[in-house]
Amino acid sequence: MANIIDGKALALKMQSALAEKVKQMKSRYDLVPGLVVILVGDNSASQIYVRNKEQAALKAGFRSETVRLSEGVSEEELIEIINLYNADPAFHGILVQLPLPQHINDKKIILAIDPHKDVDGFHPMNTGHLWSGRPGMVPCTPAGIMELLHEYEVELEGKHAVIVGRSNIVGKPMAQLLLDKNATVTLTHSRTRQLPDIARQADILIVAIGSGHFVTKDFIKEGAVVIDVGMNRSENGKLIGDVQFEQAAEAASLITPVPGGVGPMTITMLLEQTYQAALRSVMSYDY
Ligand code: GUN
C-alpha cells in the first residue's frame, strides 16, 4: 500500500511561514503584497477556486481584491481593467481565472498582463524564461508539485517521469521543471498510442488529463510515485481525480489524494509568487 502525500499539511505549513514573511515585509518596508483575481462569468468551479484564493490571501496578510465581471464583458473592457492593475503599484500579482467565455481570446488577455505581475506564469515572457532555464514566474500547479516531490524526498535525477496531459497550465511547464532536475521526461496526451504501456515505465507518473478515473492499475508500475492533478465531478457529484485512487494505491509507493493533494499547493504557490513579486518591487531587481 502506498503512503499518501498530504498536500494540505504542506500547504498550511508554507502558508503560515509566508504569513510570517509578510509581517516582516510590512514592518521592514511598509509593504503589503497585493493580489487581484479577475473572474468572468459564473462558472461554479471557478467561483470556488476564486473564493479559496481570496480567503488564503487574506489569511496570509495580503491585500486581496476580486473583480467579478459579467459573462458578457468585452475583450476590450477586460483589457482596460487589466491595465488599471498593471499600473497600480499596490498590486504585485494579477490572475485572470481561466477558462474565459468563448468570445474572449485568452491568449490576448494573457499578453495584456504585465509579465512582472503574471503570477500564473502564463505570459510568453515567463514561459520563455522557463524553457530557457532562467528564473521567472512558473505556473502554480507544477510549481506546487515540485514542492511536494521535494518535501517527500522523491529522487528525480535520472528517473523516468511520465506526464499525462500537455496543457500550458500543467503538462508542458511540468516537463520543463522535471528536466531542470535531470529527470528523463515523457510527455503524453490523449492521442498517445499504447499509453498504459508508456505510463507503466514511469518512476514518477503525473496525471493532468482532466478525465475522471482515467488512470487505472494497468498504468502503474509497482513502487511508482503517482501525482493526480485531476479535479472532476463524478455522476453523483463527488470530487474525483484523474486516477482510480484505490487501485493505484495498491501498486504505488507514494500517491496524492483528491482532494487534499495537489490542489492546496496551487494556491500556496500563487501566494508565494505574489510575495516574491512584491519583494522584487522594493529590491528593484528583475528575475
Ligand atoms: N483555471 C484552472 N487552473 C487555473 C490556474 O492555475 N490559473 C488560472 N488563472 N486559471 C485556472
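Indexing begins at 1, ligand by ligand and atom by atom, following the structure's order. Keep in mind it's a predicted model, so treat the numbers as computed, not measured.
By the 4.5 Å heavy-atom criterion applied to side chains, I209 and S190 are counted as neighbours.
Scanning the protein heavy atoms around atom 8 (C) of ligand 1, the nearest turns out to be D120 OD2, 3.4 Å. Counting protein heavy atoms only, atom 1 (N) of ligand 1 is closest to L98 O, 2.9 Å. Atom 11 (C) of ligand 1 has its closest protein heavy atom at Q97 NE2, 3.5 Å.
A salt bridge links E20 with K23: at least one charged nitrogen is closer than 4.0 Å to a carboxylate oxygen. Of the charged side-chain nitrogens involved, none lies within less than 4.0 Å of a carboxylate oxygen, so that E250 and K217 do not count as a salt-bridged pair.
The V96 neighbourhood of ligand 1 comprises atoms 8 (C), 9 (N), with distances under 4.0 Å to a heavy atom of that residue. Counting the atoms of ligand 1 from 1 in the order shown, those under 4.0 Å from a heavy atom of F122 are 7 (N), 8 (C), 9 (N).
Of all non-hydrogen atoms in I104 and V73, the two that sit nearest each other are CD1-O, 3.7 Å.
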Please test N52 against I48 for side-chain contact (heavy atoms from CB on, under 4.5 Å), starting from the C-alpha separation and ending with a verdict.
CA-CA 6 Å; N52 289 341; I48 297 169; 3.8 Å; yes

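Only the side chain of L95 comes within 4.0 Å of ligand 1, counting heavy atoms alone; its backbone N, CA, C and O stay farther away.
Other residues, nucleotides and ligands contribute over 12 non-hydrogen atoms within 6.0 Å of the NE2 atom of H189.
Between P99 and ligand 1, no pair of N/O atoms sits closer than 3.5 Å.
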